[in-house]
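FYI, the numbering just counts along the sequence from 1.
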Amino acid sequence: MSHSVVSKRSSWPRWARRGLLENIATALIAIGFLMLFQPFALSLYTYSFVTMLAGTVMFIIVSKFPE
């Protein structure tokens, strides 16, 4: 007796799936890291923590989304 595995497709729109949004969150974290270590603009340094925090929170939330 063979059991067929039914692939359940997500009803979520393509833009709201994990892959793309995880990449955006990772890029946001990387931008915050670059803002932290640049020696030119104090305003970029000031907002680097907020940028990295937003990227981290986005990554945590998006990691719960379907593939």
Return the [atom1] to [atom2] distance between [X] and [Y], rounded to the nearest 0.5 Å.
X: Tyr45; Y: Phe40; atom1: OH; atom2: CZ; answer: 15.5 Å
X: Met58; Y: Leu28; atom1: CE; atom2: CG; answer: 7.0 Å
X: Thr26; Y: Leu21; atom1: OG1; atom2: CG; answer: 10.5 Å
X: Leu36; Y: Thr46; atom1: CG; atom2: OG1; answer: 10.5 Å
X: Leu20; Y: Phe65; atom1: CG; atom2: CZ; answer: 11.5 Å

What are the two closest non-hydrogen atoms of [X] and [Y], and how far apart are they?
X: Ser48; Y: Gly32; result: CB-O, 3.4 Å
X: Gln38; Y: Leu44; result: NE2-CB, 3.3 Å
X: Met35; Y: Thr51; result: CE-OG1, 3.6 Å

Going hydrophobic residue to hydrophobic residue with side-chain gaps under 4.5 angstrom, can you get from [X] over to [Y]?
X: Tyr47; Y: Ile31; result: yes
X: Met52; Y: Phe37; result: yes
X: Ile24; Y: Ile29; result: no
X: Val57; Y: Val62; result: yes

Could you tell me whether the side chain of Glu22 reaches within less than 4.5 Å of the side chain of Ser63, counting heavy atoms only? yes

